[in-house]
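First comes the structure, then the notes that go with it.
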Amino acid sequence: MLETLEEHRSHGGVQGVYRHASSSTGTDMTFSAFVPEHDAGAKLPVLWFLSGLTCTHANVTEKGEYRAACAEHGVIFLAPDTSPRGEDVPDDEAYDFGKGAGFYVDATQEPWARHFAMRSYIEGELPVLVGEHFPVDLDRQGITGHSMGGHGALTTALRNPDRFASVSAFSPIVSPLNCPWGEKALGGYLGPVREAWRAYDACALIEDGARLPHLLVDQGTADDFLENQLKTGLLVEACEKAGIAADIRMQDGYDHSYYFISSFMADHVAWHAQRLGC
């Protein structure tokens, strides 16, 4: 059952926020969806946006500035939460682990394994639910995301090459195997065996043979996390070695914020729309 929390008319379409009981996480989950104006019976392509650390669906919904571009190109925009929520869901005092920091993995370690199944939720459960309640064409899907969500977008697409026609990212964590955020999250959720982490590392997946037909990445040069956490250069190297057509753009003076994301969001929507046949 899908519960409508709010809906608003915007750019000719409808921006809504919805909640449902998730079988993957064992909790209620909330997501937002923008559906552009369309002809009755039409099916529209969908662009998934995966958010970063500490975020919910609300951050990009309120600050992402995507609706005008999605309305122009006829693309549905879906923004799920970043983790399970609720009083019974375990948490950590730090901002980079626990609630708001699901890292789009299926946890195997206790106490996280019971609820932290964001991979199954994003890859399996939520698309089915969306297909039942919204006019989406699930044969035309694109995916993007920011920071932790950029990591989620890249790894989800690399693991599901036949599902996504287009993949992009803003300031992605490109190799959790090689940064403090990733080592903490993957070690905590998956345990100490690093080989099990490779399914959640874009550079490792590419090294292991996964491929994308094309890729767009925007990264700000004034991003405080660039050198220690994001390590964009590792993705550049991995794509060059694998022969992946990657447009990885270093944007001068931009930081890690939604001021940066909103500056290039319309570019990303248009880029996806072209590859989704809009």
Side-chain angles (χ1 to χ4, degrees), residues 5 17-32 48-63 78-126 145-156 159 169-194 196-202 204 223-225 228-231 256-258 261:
L5 299 181
V17 178
Y18 308 92
R19 181 168 59 203
H20 70 107
S22 168
S23 59
S24 299
T25 67
T27 67
D28 285 348
M29 295 294 291
T30 301
F31 66 93
S32 74
W48 299 89
F49 183 93
L50 305 185
S51 295
L53 286 167
T54 75
C55 292
T56 69
H57 69 280
N59 298 75
V60 70
T61 305
E62 296 169 2
K63 298 184 286 188
L78 258 296
D81 202 348
T82 54
S83 79
R85 312 275 178 176
E87 293 183 2
D88 296 333
V89 176
D91 199 8
D92 188 87
E93 293 181 357
Y95 75 95
D96 55 357
F97 195 69
K99 293 180 184 178
F103 266 83
Y104 304 100
V105 309
D106 279 356
T108 59
Q109 303 300 299
E110 297 301 336
W112 315 103
R114 179 180 176 187
H115 296 295
F116 281 72
M118 291 302 294
R119 174 180 177 176
S120 292
Y121 178 68
I122 296 296
E123 293 185 5
E125 181 182 3
L126 188 56
H146 172 233
S147 193
M148 179 186 73
H151 138 77
L154 294 176
T155 55
T156 299
R159 291 191 304 263
F170 300 88
S171 313
I173 303 170
V174 306
S175 184
L177 280 159
N178 294 291
C179 75
W181 278 341
E183 290 181 351
K184 178 177 180 177
L186 299 187
Y189 293 134
L190 304 176
V193 181
R194 293 174 67 91
W197 303 4
R198 295 184 71 84
Y200 299 106
D201 184 298
D223 191 322
D224 290 339
F225 303 113
N228 193 41
Q229 302 282 13
L230 307 178
K231 301 190 175 183
H256 200 68
S257 71
Y258 270 87
I261 297 169

Side chains of residues 146-155: which donor-acceptor partners sit under 3.5 Å, not counting sequence neighbours?
unit_1, atom_1, unit_2, atom_2, d
H146, NE2, H256, O, 3.0
S147, OG, H256, NE2, 3.0
H151, ND1, Y200, O, 3.4
H151, NE2, F103, O, 2.9
T155, OG1, H151, O, 2.8
T155, OG1, G152, O, 3.3

Check: D201 side chain, L177 main-chain N or O, donor-acceptor pair, under 3.5 Å: yes
Short question: side chain of W197, backbone of P192 - any donor-acceptor pair under 3.5 Å? no
Could you state the interatomic distance from CD1 (I261) to OG (S171), rounded to the nearest 0.5 Å? 6.5 Å
List the steps, then state whether side chain to side chain contact (heavy atoms under 4.5 Å, CB included) holds for L53 with T82. CA-CA 7 Å; L53 286 167; T82 54; over 6 Å; no
Which atom names give the shortest non-hydrogen contact between L186 and P176, and what distance separates them? CD1-CB, 3.6 Å
I'd like to check C179 versus N228 (side-chain heavy atoms, cut-off strictly below 4.5 Å). Are they in contact? no
Atom pair CG/CH2 of L230 and W181 - distance to nearest 0.5 Å: 6.0 Å
So do S24 and M118 actually touch side chain to side chain, heavy atoms under 4.5 Å? no
Sorted by first residue and then second, give each side-chain hydrogen bond (donor to acceptor under 3.5 Å, both in side chains) pair with at least one member in residues 103-116; sequence neighbours left out. D106-S120
Between CG of L126 and OH of Y121, what distance do you get to the nearest 0.5 Å? 4.0 Å
Separation of I122 CD1 from F31 CZ (nearest 0.5 Å): 10.5 Å
Kindly give the heavy-atom pair with the smallest separation between Y258 and S51, and that separation in Å. OH-OG, 4.1 Å
Over all heavy atoms of both residues, which pair between S83 and G100 is shortest? Give the atoms and the distance, please. OG-N, 2.7 Å
Residue pair R85, T27: steps toward the side chain to side chain contact (heavy atoms under 4.5 Å, CB included) verdict: CA-CA 7 Å; R85 312 275 178 176; T27 67; 5.9 Å; no
Do other residues, nucleotides or ligands put more than 12 heavy atoms under 6.0 Å from D224 CG? no
Contact check, side chains of I173 and Q229, non-hydrogen atoms, under 4.5 Å: no
Check for a donor-acceptor pair, side chain of R19 on one end and backbone N or O of D28 on the other, with a separation under 3.5 Å. no
Euclidean distance, L5 CG relative to S32 OG, rounded to 0.5 Å: 11.0 Å
Answer yes or no: is there a donor N or O on one side and an acceptor on the other, between the side chain of K184 and the main chain of D96, under 3.5 Å? no
Measure across N178 and K231 and return the closest heavy-atom pair with its distance rounded to 0.1 Å. O-NZ, 2.6 Å
Is a side-chain donor-acceptor pair under 3.5 Å present for D81 with T56? no
Just verifying a value: how many Å separate M29 CE and E125 CD, rounded to the nearest 0.5 Å? 8.5 Å
